Protein chains: 2
Amino acid sequence: MGATKSLEFSMDENRLAKYAKALAHPARIAILKLLASKQTCICGDLVEELPLSQSTVSQHLKELKEAGLIKSTIDGVKVCYCIDEQEWKLAQIWINQLFDSKNNCNECC
Amino acid sequence: MGATKSLEFSMDENRLAKYAKALAHPARIAILKLLASKQTCICGDLVEELPLSQSTVSQHLKELKEAGLIKSTIDGVKVCYCIDEQEWKLAQIWINQLFDSKNNCNECC
DNA sequence: ATTATTTATCGTAATATTGCGTTAGATATG
DNA sequence: CATATCTAACGCAATATTACGATAAATAAT
């Protein structure tokens with residue numbers, strides 16, 4: 001036992017969980033904040049700004065990329081990362097849809 | 001190795017990651033959707049609506065509670081769960097702050 | 001008082017995540 | 001060509017998460 005029972009849940013629920021998972025680590029939040037504010041988004045620069053080794057940062061970048069939130073282009077030896085605007089907006093919309101679905105019935109408990 | 005280096009990151013980053021972590025499983029999304037839409041929020045009802053055992057649901061509820069997103073009151077043998085409105089709103093604000101921090105510089109890569 | 005119902009907790013197994021050193025492969029630079 | 005730089009991927013160890021059955025503790029019902 002222990003495998004997550006993702007398939008028992010809806011696509012919507014899984015999609016939201018996927019985005020949330022990508023955000024579920026302070027290092028990845030830090031990376032996204034850097035990418036959101038900076039022009040420069042070279043991998044090496046990110047490594048310098050974070051208290052983690054190159055290999056660990058690379059792994060976090062991979063997860064963010066797999067979640068769709070960032071993309072990358074190769075520039076010589078270097079790799080440039082940045083936020084995927086489309087997916088970024090979509091994620092925000094989906095997350096807000098959950099938060100806004102709260103009814104206004106106060107004090108059911 | 002393997003312990004998360006949370007302390008190396010800012011409080012803001014950790015707080016956001018904490019909320020995201022709470023949302024990072026389809027079962028917990030499903031629970032929150034149920035609580036957001038329903039009046040009834042008795043634990044047993046949630047167990048019936050979810051494809052998970054009672055003990056697993058209980059564990060997910062505990063995590064949501066520890067993240068602050070839900071609260072509970074005891075009603076006899078039963079326990080009533082519901083969304084903590086204050087924290088719910090806060091979480092939404094913090095998450096949107098991250099998404100909105102994206103600059104408009106397109107195509108840095 | 002006994003029994004049933006409800007939920008949290010404990011213990012355990014399976015998986016997943018986090019983190020790093022090291023290596024490999026690719027492009028630069030001398 | 002040889003060497004330096006940059007990043008992804010591999011392998012490993014430490015932790016954390018997910019899931020469940022079984023049990024315990026508390027209240028309700030008979």
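Each chain gets a letter, A, B and so on, in the order the sequences are listed, and its residues count up from 1. Computed from a prediction, not measured in an experiment: that's the story for all the values here. Side chains are part of it too, since the values below use all heavy atoms of this structure and drop only hydrogens, waters and symmetry mates.
- Annotation: the span from A:Ile31 atom CD1 to A:Cys41 atom SG amounts to 12.5 Å, rounded to 0.5 Å.
- Between the P atom of C:dA16 and the NE2 atom of A:His60 lies a distance of 18 Å, rounded to the nearest Å.
- Using a 4.0 Å cutoff on non-hydrogen atoms, no part of residues 9-20 of chain B comes near DNA chain D.
- Considering only residues two or more places apart in sequence or on other chains, B:Ser55 meets the side chain to side chain contact (heavy atoms under 4.5 Å, CB included) condition with B:Ser53.
- Proximity of A:Ser53 to the phosphate of C:dG19: no side-chain N or O atom is located under 4.0 Å from OP1 or OP2.
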Scan nucleotides 8-12 of chain C against the protein and return all N/O pairs shorter than 3.5 Å with their distances rounded to 0.1 Å.
unit_1 : atom_1 : unit_2  : atom_2 : d
C:dA8  : OP1    : B:Tyr81 : OH     : 2.4
C:dA8  : OP2    : B:Ser58 : OG     : 2.9
C:dA8  : N7     : B:Gln54 : NE2    : 3.0
C:dA8  : N6     : B:Gln54 : OE1    : 3.0

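- Judged as a side chain to side chain contact (heavy atoms under 4.5 Å, CB included), and not counting sequence neighbours, the contacts of A:Ser101 are A:Leu98, B:Ala36.
- In this structure, B:Leu50 atom CG and D:dC20 atom C1' are separated by 15 Å, rounded to whole Å.
- Here salt bridge (Lys or Arg N to Asp or Glu O under 4.0 Å) pairs that include residues 55-65 of chain B, with residues two or more places apart or in two chains, are B:Arg28-B:Glu63.
- Between B:Leu69 and B:Leu23 the shortest side-chain heavy-atom distance falls below 4.5 Å.
- Contacts of B:Asp100 classified as side chain to side chain contact (heavy atoms under 4.5 Å, CB included), with partners at least two apart in sequence or in another chain: A:Gln92, B:Asn96.
- As a whole-Å value, the separation of B:Ile70 CD1 from C:dT7 P is 13 Å.
- Between the C1' atom of D:dT17 and the CD atom of B:Glu66 lies a distance of 13 Å, rounded to the nearest Å.
- Distance from the side chain of A:His25 is smallest to C:dG19 among C:dG19, D:dC20, D:dT18.
- Among residues two or more places apart in sequence or in another chain, the side-chain hydrogen bond (donor to acceptor under 3.5 Å, both in side chains) test is passed with A:Glu87 by A:Tyr19.
- Partners of B:Ala27 by side chain to side chain contact (heavy atoms under 4.5 Å, CB included), not counting sequence neighbours, listed by chain and number: A:Phe9, B:His25, B:Leu52, B:His60.
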*For nucleotides 24-30 of chain C, just jot down a letter per nucleotide in 5' to 3' order: B, S or -, based on protein non-hydrogen atoms under 4.0 Å.*
--BBS--

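- One interatomic measurement links the two molecules: CD1 of B:Ile42 to C1' of C:dT7, which rounds to 12 Å at whole-angstrom precision.
- Between B:Lys78 and D:dA28 there is no side-chain polar atom (N or O) within less than 4.0 angstrom of OP1 or OP2.
- Residue pairs meeting the side-chain hydrogen bond (donor to acceptor under 3.5 Å, both in side chains) criterion with at least one partner in residues 43-52 of chain A, sequence neighbours excluded, are A:Lys38-A:Glu49.
- For B:Lys21, there are no salt bridge (Lys or Arg N to Asp or Glu O under 4.0 Å) partners at least two apart in sequence or on another chain.
- Residue A:Lys21 places at least one side-chain N or O closer than 4.0 Å to OP1 or OP2 of C:dT17.
- Between B:Ile31 atom CD1 and D:dA19 atom C1' there is a gap of 13 Å when expressed in whole angstrom units.
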*Can you check side-chain contact (heavy atoms from CB on, under 4.5 Å) on A:Asn14 and B:Ile29, steps first, answer last?*
CA-CA 8 Å; A:Asn14 276 291; B:Ile29 298 287; over 6 Å; no

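- Put simply, CD on A:Glu63 is 14 Å from C1' on D:dA9, counting in whole angstrom units.
- Computed from coordinates, the A:Leu52 CG to C:dG19 P distance equals 6 Å when rounded to whole Å.
- Applying the ring pair (Phe, Tyr, Trp, His ring centres under 6.0 Å) rule to B:Phe99 yields the partners A:Trp88; only residues at least two apart in sequence or on another chain are considered.
- Taking 4.0 angstrom as the limit, B:Thr4 places none of its side-chain polar atoms (N or O) nearer than this to OP1 or OP2 of C:dT17.
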